[in-house]
**Student:** 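This is the structure I have questions about; it appears just below.
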Amino acid sequence: MTVRTRFAPSPTGFLHVGGARTALFNWLFARKHGGQFILRIEDTDEKRNTAEANQVIFDGLNWLGLDWDEGPDKGGDYGPYRQSERNAVYEKHLAVLEAGGHVYEDEGAIRFRSPRKMVVVEDMVCGRIEFDMSNPATHPDMTIRRPDGSWIFHFVNVVDDIEMKLTHVIRGEDHLSNTPKHIELYNALGATPPKFGHIPLILNHEGKKLSKRDGGSSITYFMDLGYTPEAVINYLCLLGWSPGENRERLDVAEIRELFDLEHINRRNAIFDLDKCFWLNGQHILAMSLERFVQLAKPFVDKAGIPYGTEAALLPALAIVKPKVKHLSDVPDWIGFLFTEDFAMDAEAVEKSLKKPGAAARLEALSEAFATVTDWAHASLETTLKATATTLGIKTGEMVHPARVALSGRSVGPGLYEMIEVLGKDRTLARLERAKSLAAE
RNA sequence: GACCCUAUCGUCCAGCGGUUAGGACACCGCCCUUUCACGGCGGUAACACGGGUUCGAAUCCCGUUAGGGUCGCCA
C-alpha cells in the first residue's frame, strides 16, 4: 500500500507556522516512505475563500520546498482538490449515511447519529486512547450539514480523506478529541479509518496557542525578514521531534532520512524566535555561495542596489555571507560598495573619526595603501598593521576609523575583504574624502 | 463543568530502572580578534508535588496541582 498524506488548510490569507509544521511532517512522512503528498483546500466557508488566500498557501509551501503530488493547481486522480468544488461527492456520501439510517434532520440541519459506543483511537504518536461516546450530553450528535446546504468540516474532511485514499492523517493535537467522531463517520460510511498521528501544538511565549498576532506566527514573516527556508524547516522539525544525538543543524535531505513519528514527543512547544534566528545564521554560513546568491539577490534587487552585473555583485555577497544573519540585512551591508553617495552613520563618525589624530591616521594609511601593488586582503592587512605599528597605535585604532571612512558604518563585512572588493582607486579616494570629516 | 493530552534548566530537545541528569538557544565571564559575527574555553540554570512498586526511580503505577486541547449550524 502506498503511503498517502495530505495538508488540508483552509484559505485564511495566512499560513500559520503550526500549519506549516503539520504540512512538513506530512510531507516528510510521505517522502520518507516513497508515497504521495496531497494538497487539499478546505474552503467550505466561502467567506474566506479568495484567490489571494489560496496563493498565500501555495507561495508558503513552495518557499519551504514542500512539493505536492496532487492539488488544486496540479490536478490528480482524486480531484477536484477544493472542497467548494466537491459538492456532488458529499451528496453521494450523505446518501450512503441516509440509506444506513445514520442521520436525521434537526431544525433544517442534518446531524449524524452517534452509535454511542466506546471508540478506540490507536494513535501513532499518542498510543491507544479510549473514548466513551455513550453519553449524548457530553458527546452530542454532530451536525454535518447546515440548513443552507453548506457542509461542516468533520464530514467533508472524512469524506475527502476516504475519497482521496489517504492512508495516514498527521494533524495537530487539537483534533485528537475530534477523532472518535471521525472514526464513527468512517465506520458508518463503510470505510477503514486511516492511521492517525496527533502532533503537539506550537505555543507562544505566554504558553497560549500561537495566534496571528504573535510575531513569527506567519510564514510570510520569515520570508520577508530574510530567513532561509532551510533554517525554518530545520527549526520547525525540531519543535516536537528530535533526530537524537543532540543534532541541531540539519539539512532537508538529512531530515527526510531521519524523520520518524516514533520520536515525536507529546508536549506542546513554545516557539523560540532566538533559536530560529541562530539556526538561520548557521545555515547561511554552511550553504554554498551559489545558494546564498540565489536567496539574497531578491533582497538586493528589491532595495534597488545599483550593482550593475551579477558578476560585480558576487564578490560583495561573498564577503558578507560569513557574517550576515538575516537576508534582509544584506542590502545595508553591501550598499556602500556600489555608490560613492553612501550614508555616513553619525554615531560611527563621532566615535571613530572625531578622535584627535584620526585625520593623520587616515593620511598615513592612504600613503601606505598607495604603494600596495598586490591588492588582496592578506597584503592589505599586513600593510594596515604595519602602518599602525609605525604610528605607535593599536591595530584597532586604525581599523575603526578606516572602516567608517570607507563604508560609513561601524559594522559590516571583514575590513580587509571589504577593501579588496572596493579596489585601490576608490579606497584612496574615500580615505582622502574622509579626512575632511576627521579630527586633526 | 465533562472528556482527552502533557509535565526534565527561562526556551527547544536527550534520557526510556543504576548517569557527576547530557546537548542547543538565550544569559554571564574569559580567550581569539578590526567592530559585529564566527570559533574556543568555562559558568549560572531543571527532573511540579505527594504517595506507592523496587535493592534502586527523572524513568513504572496512583493521586494532587499546573498547563494545553476538545465539547460549534468555525476549520
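Reminder, nothing fancy here: chain letters follow the sequence lines and each chain counts from 1. Values in this document were obtained by computation on a predicted structure and should not be read as measured data.
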**Student:** Distance-only check: which donor-acceptor pairs under 3.5 Å involve side-chain atoms of residues 233-241 of chain A, not counting sequence neighbours?
**Tutor:**
unit_1, atom_1, unit_2, atom_2, d
Asn234(A), OD1, Leu250(A), N, 2.8
Asn234(A), OD1, His283(A), NE2, 3.4
Asn234(A), ND2, Glu248(A), O, 3.1
Tyr235(A), OH, Asp272(A), N, 2.7
Tyr235(A), OH, Asp272(A), O, 3.3
Trp241(A), NE1, Asp260(A), O, 3.2
Trp241(A), NE1, Asp260(A), OD1, 3.1

**Student:** Could you please name the partner base of C25(B), counting Watson-Crick and G-U wobble pairs only when both distances are under 3.5 Å?
**Tutor:** G10(B)

**Student:** What is the separation between atom CG on Asp160(A) and atom P on A75(B), rounded to the nearest whole Å?
**Tutor:** 13 Å

**Student:** Between C28(B) and C36(B), how far apart are the P atoms? Round to whole Å, please.
**Tutor:** 13 Å

**Student:** Pick one: which of Gln83(A), Glu42(A), His175(A) meets side-chain hydrogen bond (donor to acceptor under 3.5 Å, both in side chains) with Asn157(A)?
**Tutor:** Glu42(A)

**Student:** Where along residues 260-268 of chain A does a heavy atom fall under 4.0 Å from RNA chain B?
**Tutor:** His263(A), Asn265(A), Arg266(A), Arg267(A), Asn268(A)

**Student:** If I take atom CZ in residue Arg6(A) and atom C1' in nucleotide A75(B), what distance separates them, rounded to the nearest angstrom?
**Tutor:** 11 Å

**Student:** Taking any heavy-atom pair under 4.0 Å as a contact, classify Gln282(A): base, sugar-phosphate, or nothing.
**Tutor:** sugar-phosphate

**Student:** Is the shortest side-chain heavy-atom distance between Glu173(A) and Ile199(A) below 4.5 Å?
**Tutor:** no

**Student:** Given atom CG of Asn280(A) and atom P of A26(B), what is their separation to the nearest angstrom?
**Tutor:** 13 Å

**Student:** Using the C1' atoms only, state how far G17(B) lies from C12(B), rounded to an integer number of Å.
**Tutor:** 26 Å

**Student:** Using the C1' atom on both, measure G50(B) against C16(B) and round to a whole Å.
**Tutor:** 23 Å

**Student:** Remember a base hit wins even if backbone is also touched, and classify Pro140(A) as base, sugar-phosphate or nothing at under 4.0 Å, heavy atoms.
**Tutor:** sugar-phosphate

**Student:** What is the distance, rounded to the nearest whole Å, between atom CD1 of Ile319(A) and atom P of A37(B)?
**Tutor:** 18 Å

**Student:** Check salt bridge (Lys or Arg N to Asp or Glu O under 4.0 Å) between Arg291(A) and all other residues, then give those that pass, not counting sequence neighbours.
**Tutor:** Glu230(A)

**Student:** For G67(B) and G29(B), measure between their C1' atoms and round to the nearest Å.
**Tutor:** 35 Å

**Student:** Kindly indicate whether the side chain of Tyr221(A), heavy atoms from C-beta on, has any atom under 4.5 Å from the side chain of Leu273(A).
**Tutor:** yes

**Student:** Can you tell me how far C1' of A75(B) sits from CG of Asp43(A), to the nearest Å?
**Tutor:** 11 Å

**Student:** Once side chain to side chain donor-acceptor pair (under 3.5 Å) is applied, do any residues pair with Ser114(A), and if so which ones, sequence neighbours excluded?
**Tutor:** Glu184(A)

**Student:** Below 3.5 Å between N/O atoms, which protein atoms pair up with nucleotides 32-36 of chain B? Just atom names and distances, please.
**Tutor:**
unit_1, atom_1, unit_2, atom_2, d
U34(B), O2, Arg403(A), NH2, 3.4
U35(B), O2, Ser410(A), O, 2.7
U35(B), N3, Arg403(A), NH2, 3.3
U35(B), O4, Lys323(A), NZ, 2.3
U35(B), O4, Arg403(A), NH2, 3.0
C36(B), O2, Lys323(A), NZ, 3.4
C36(B), N3, Lys323(A), NZ, 2.5
C36(B), N4, Lys323(A), NZ, 3.4

**Student:** I need the CD-P distance between Glu173(A) and A7(B), as an integer number of Å.
**Tutor:** 11 Å

**Student:** State, yes or no, whether a side-chain contact exists between Trp278(A) and Cys276(A) at a heavy-atom distance under 4.5 Å.
**Tutor:** no

**Student:** Checking all strands, does His154(A) fall into the base, sugar-phosphate, or nothing category for heavy-atom contacts under 4.0 angstrom?
**Tutor:** base

**Student:** How about Asn280(A) and His326(A): do any of their side-chain heavy atoms sit closer than 4.5 Å?
**Tutor:** yes

**Student:** Could you work out the separation of G10(B) and A48(B) based on their C1' atoms and round it to a whole Å?
**Tutor:** 16 Å

**Student:** With sequence neighbours excluded, tell me which residues meet ring-ring contact (aromatic ring centres under 6.0 Å, His included) with His400(A).
**Tutor:** none

**Student:** With respect to the side chain of Ser242(A), which nucleotide from A14(B), A75(B), G39(B) is positioned closest?
**Tutor:** A14(B)

**Student:** So, using ring-ring contact (aromatic ring centres under 6.0 Å, His included) as the criterion, who are the partners of Tyr90(A) when residues are at least two apart?
**Tutor:** Trp151(A)

**Student:** Ignoring the backbone of Ile152(A), work out which of U11(B), A26(B), C74(B) is nearest its side chain.
**Tutor:** C74(B)

**Student:** Checking Glu98(A) now: which residues fulfil side chain to side chain donor-acceptor pair (under 3.5 Å) with it, not counting sequence neighbours?
**Tutor:** none

**Student:** Mind telling me whether Phe369(A) and Trp375(A) have parallel, tilted or perpendicular rings, with 30° and 60° as the class edges?
**Tutor:** perpendicular

**Student:** Using whole Å, what does the distance between atom C1' of nucleotide G69(B) and atom NZ of Lys181(A) come to?
**Tutor:** 13 Å

**Student:** Return the set of residues passing ring-ring contact (aromatic ring centres under 6.0 Å, His included) with His168(A) (not counting sequence neighbours), or none when no residue passes.
**Tutor:** Phe29(A)

**Student:** When the distance from CZ of Arg249(A) to P of C38(B) is rounded to whole Å, what number comes out?
**Tutor:** 14 Å

**Student:** Are any non-hydrogen side-chain atoms of Ile183(A) and Pro180(A) less than 4.5 angstrom apart?
**Tutor:** no

**Student:** Within the sub-3.5 Å range, which N or O atoms of nucleotides 40-45 of chain B have a protein N or O partner, and how far apart are they?
**Tutor:**
none

**Student:** Is any side-chain heavy atom of Pro200(A) less than 4.5 Å from a side-chain heavy atom of Arg267(A)?
**Tutor:** no

**Student:** Using the P atom on both, measure A14(B) against C9(B) and round to a whole Å.
**Tutor:** 13 Å

**Student:** Just call it for Asp174(A): base, sugar-phosphate, or nothing, with non-hydrogen atoms closer than 4.0 Å on any strand.
**Tutor:** sugar-phosphate

**Student:** What is the nucleic acid contact for Glu107(A), judged by heavy atoms within less than 4.0 Å: base, sugar-phosphate only, or nothing?
**Tutor:** base

**Student:** Starting the side chain at C-beta, find the nucleotide from C12(B), C5(B), G72(B) nearest to Leu176(A).
**Tutor:** C5(B)

**Student:** Between Asp160(A) and Arg40(A), does at least one N-O distance fall below 4.0 Å, as a salt bridge requires?
**Tutor:** yes

**Student:** Any side-chain heavy-atom pair from Glu130(A) and Val119(A) closer than 4.5 angstrom?
**Tutor:** no

**Student:** Look at all strands and tell whether Gly240(A) reaches a base, only sugar-phosphate, or nothing, counting heavy atoms closer than 4.0 Å.
**Tutor:** sugar-phosphate

**Student:** Distances under 3.5 Å between protein N/O atoms and the N/O atoms of nucleotides 17-23 of chain B, please, pair by pair.
**Tutor:**
unit_1, atom_1, unit_2, atom_2, d
G22(B), N2, Asn246(A), OD1, 3.0
G23(B), O4', Asn246(A), ND2, 3.2
G23(B), N2, Glu248(A), OE2, 3.3

**Student:** For G69(B) and C49(B), measure between their P atoms and round to the nearest Å.
**Tutor:** 25 Å

**Student:** Specify the residues of residues 123-136 of chain A, ordered by number, for which at least one heavy atom lies under 4.0 angstrom from an atom of RNA chain B.
**Tutor:** Ile129(A), Phe131(A)

**Student:** Only one of Arg111(A), Arg113(A), Arg116(A) forms a side-chain hydrogen bond (donor to acceptor under 3.5 Å, both in side chains) with Asp141(A), so which one is it?
**Tutor:** Arg116(A)

